[in-house]
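FYI, side chains are in, hydrogens and waters are out, and symmetry mates aren't considered; it's all heavy atoms of this structure. Below, chains carry the letters A, B, ... as their sequence lines are ordered, and counting in each starts from 1.
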2 protein chains.
Amino acid sequence: MREDLLNIVKSFFRKNKRLPSYSEMLSLFGFSSKNSVFKIVRNWIKAGFLKKENSKLAPTTKFFSLPLLGFVRAGFPILAEENKNYLSLDEYLIENPEASFLLKVNGDSLAGIGIFEGDIVIIERKTNASPGDVVLAQIDKEWTLKILRKERGFGRTFLVAANPRYPPLYPRFELQIYGVVKAVIRKFN
Amino acid sequence: MREDLLNIVKSFFRKNKRLPSYSEMLSLFGFSSKNSVFKIVRNWIKAGFLKKENSKLAPTTKFFSLPLLGFVRAGFPILAEENKNYLSLDEYLIENPEASFLLKVNGDSLAGIGIFEGDIVIIERKTNASPGDVVLAQIDKEWTLKILRKERGFGRTFLVAANPRYPPLYPRFELQIYGVVKAVIRKFN
DNA sequence: TATTTTAGTAAACATTTGTTCACCTTGTCA
DNA sequence: TGACAAGGTGAACAAATGTTTACTAAAATA
């Protein structure tokens with residue numbers, strides 16, 4: 001399956017954001033006949049790393065994905081080839097790219113749910129949200145990132161932090177929701 | 001700048017994992033001369049969304065990126081066009097794709113540093129790590145995800161949780177580091 | 001208003017693309 | 001041992017690609 005050659009293609013894509021043409025692979029691989037490339041590519045298509053529609057080559061999701069492991073139980077991760085799952089982060093995290101943006105978090109008001117200063121949250125623009133959602137909102141003209149709550153009965157909506165040091169925020173005049181947090185990411189080091 | 005047409009191209013790329021050819025853009029845009037496409041693409045290249053090397057078209061990082069906002073201070077997010085930053089998640093999160101894999105977390109032993117059950121961590125394969133790193137390790141043949149610590153002086157290395165309910169783990173025989181956690185991601189809902 | 005720039009059409013073209021065919025070598029395995 | 005699939009070379013080719021040139025209409029600008 002020439003995993004080595006596939007890695008060459010992967011790093012070419014990483015660098016150039018496109019697949020190499022057959023002639024380019026020719027020199028990348030050090031071969032001298034386009035047909036060898038043709039046959040190798042055919043295998044990758046069969047294996048599901050690449051695909052072709054009307055003779056235009058493109059990667060598949062699998063091409064970009066990292067293996068996803070899981071623990072069977074406290075003890076052993078599933079490493080077996082057949083149990084591997086693959087996940088492409090971009091696709092996993094961003095469902096609606098047109099309406100999404102990122103926000104760098106500051107403050108520790110959401111520390112209780114594991115959102116810390118410096119984390120990046122993925123926010124999807126929308127003006128409605130459900131109780132429990134983490135929302136980017138404007139409360140009485142002041143921007144903030146908090147958890148949305150609703151009073152029992154036909155209650156008002158208000159905002160709470162996930163940190164006992166911050167009191168709940170009840171809007172004096174209006175509470176305008178701007179987007180909801182779909183994911184958090186944090187990089188170490 | 002025809003942002004609308006660029007969005008068509010973006011969603012084409014999202015779906016097909018490649019850029020459309022000029023003829024394909026022709027029908028995507030509803031134009032009837034390849035030259036109009038040529039000129040539009042030329043503008044996108046000038047604007048930094050696409051690039052070209054020896055007449056092969058490819059996206060740039062900016063093409064994939066989401067706008068990254070930040071709070072100036074408690075109060076207002078930077079929304080101004082000129083202050084926008086862009087970030088491509090895949091590139092940001094995975095520095096070394098060949099050596100990286102994902103692991104679904106279970107247990108709450110790292111809850112103190114905001115790593116919860118169900119989160120996904122990005123692990124980079126390596127056998128050495130520094131104290132303070134979150135590591136995937138085998139301690140006396142048992143796999144675990146913990147924080148690496150080193151005793152003062154010329155001390156032994158051992159593992160600790162980020163949760164008072166779990167005691168530190170000193171290896172009886174050996175502590176084998178398998179990789180270090182570079183990032184965490186958590187999806188809501 | 002007159003003038004320049006921008007966005008589009010239409011046709012022509014060299015280059016490059018992916019594909020196919022015939023052939024050769026090598027290692028696998030029955 | 002013999003057969004056969006797999007991996008490679010080399011040449012040939014139709015189709016599609018990106019580019020160029022000339023021309024037009026509309027919009028921006030002075």
Exercise for review: Strictly below 4.0 Å, heavy-atom distances to any atom of DNA chain C: list the hits from residues 54-62 of chain B, or just say none.
Suggested key: B/Lys56
Would you tabulate the pairs of protein nitrogen or oxygen atoms and nucleotide nitrogen or oxygen atoms of nucleotides 21-23 of chain D closer than 3.5 angstrom?
{"from": "D/dT21", "atom 1": "O4", "to": "B/Asn35", "atom 2": "ND2", "distance (Å)": "2.2"}

Practice item. Would you mind listing every side chain to side chain donor-acceptor pair (under 3.5 Å) that reaches into residues 179-189 of chain A, with sequence neighbours excluded? Key: A/Asp119-A/Arg186, A/Lys187-B/Glu95
Review point. Of all residues at least two apart in sequence or in a different chain, which pass the side-chain hydrogen bond (donor to acceptor under 3.5 Å, both in side chains) check with B/Lys39?
Key: none
Check your understanding: Below 6.0 angstrom between ring centroids: does that apply to A/Phe63 and A/Trp44?
Key -> no
Exercise for review: Rounded off to whole Å, could you give me the CZ-to-P distance for the B/Phe38 and C/dA10 pair?
Suggested key: 19 Å
**Study point:** For B/Lys146, side-chain hydrogen bond (donor to acceptor under 3.5 Å, both in side chains) partners two or more places apart
**Key:** B/Thr144
Review point. What are the residues of residues 9-33 of chain B, sorted by number, that bring a heavy atom to within less than 4.0 Å of DNA chain D?
Key: B/Ser21, B/Tyr22, B/Ser23
Point to revise | Between CG on residue A/Leu102 and OH on residue B/Tyr92, distance to nearest 0.5 Å | key: 9.5 Å
Review point. Does A/Ser36 put a side-chain nitrogen or oxygen below 4.0 Å from OP1 or OP2 of D/dG7?
Key: no
**Study point:** A/Thr60, A/Leu57, A/Thr61, A/Leu19 screened by side-chain contact (heavy atoms from CB on, under 4.5 Å) with B/Lys17, the one that passes
**Key:** A/Thr61
Revision key, fill the gap. By side-chain hydrogen bond (donor to acceptor under 3.5 Å, both in side chains), A/Lys104 pairs with (sequence neighbours left out) none
Check your understanding: Quick one: A/Lys52 NZ to C/dT17 P, roughly how many Å, whole number?
Key -> 14 Å
Review point. Got a second to check how far A/Tyr22's OH is from A/Ser27's OG, nearest 0.5 Å?
Key: 15.0 Å
Check your understanding: What residues form a side-chain hydrogen bond (donor to acceptor under 3.5 Å, both in side chains) with A/Ser32, not counting sequence neighbours?
Key -> none
Point to revise | Side-chain touch A/Phe12/A/Leu28, heavy atoms, less than 4.5 angstrom | key: yes
Study note, to complete from the structure: When rounded to whole Å, the NZ to C1' distance for the pair B/Lys46 and C/dT6 reads 11 Å
Show each protein N/O and nucleotides 25-28 of chain C N/O combination with a separation under 3.5 Å, one pair to a line.
none

Review point. In chain order, what residues pass the salt bridge (charged side-chain N to carboxylate O under 4.0 Å, His left out) check against A/Glu98, with sequence neighbours excluded?
Key: B/Arg14
Check your understanding: Checking ring pair (Phe, Tyr, Trp, His ring centres under 6.0 Å) for the pair B/Phe13/B/Phe64: CA distance, chi angles, key distance, verdict?
Key -> CA-CA 10 Å; B/Phe13 196 103; B/Phe64 298 104; 5.2 Å; yes
Exercise for review: Mark yes or no for a side-chain to base donor-acceptor pair under 3.5 Å between A/Lys34 and D/dG10, with no hydrogen or angle criteria applied.
Suggested key: no
Revision key, fill the gap. Double-helix bend of the helix from C/dT1-D/dA30 to C/dA30-D/dT1, axes at both ends from 5 pairs, round to 10°, gives 40°
Practice item. Could you check whether the rings of B/Tyr170 and B/Phe158 sit parallel, tilted or perpendicular, using 30° and 60° as the cut-offs? Key: parallel
Point to revise | From CA spacing to verdict: salt bridge (Lys or Arg N to Asp or Glu O under 4.0 Å), B/Glu53, A/Arg18 | key: CA-CA 11 Å; B/Glu53 75 250 323; A/Arg18 64 174 178 87; 2.9 Å; yes
Review point. Which pairs pass side chain to side chain donor-acceptor pair (under 3.5 Å) with one or both residues in residues 147-165 of chain B, sequence neighbours excluded?
Key: B/Asp108-B/Arg165, B/Glu151-B/Arg156
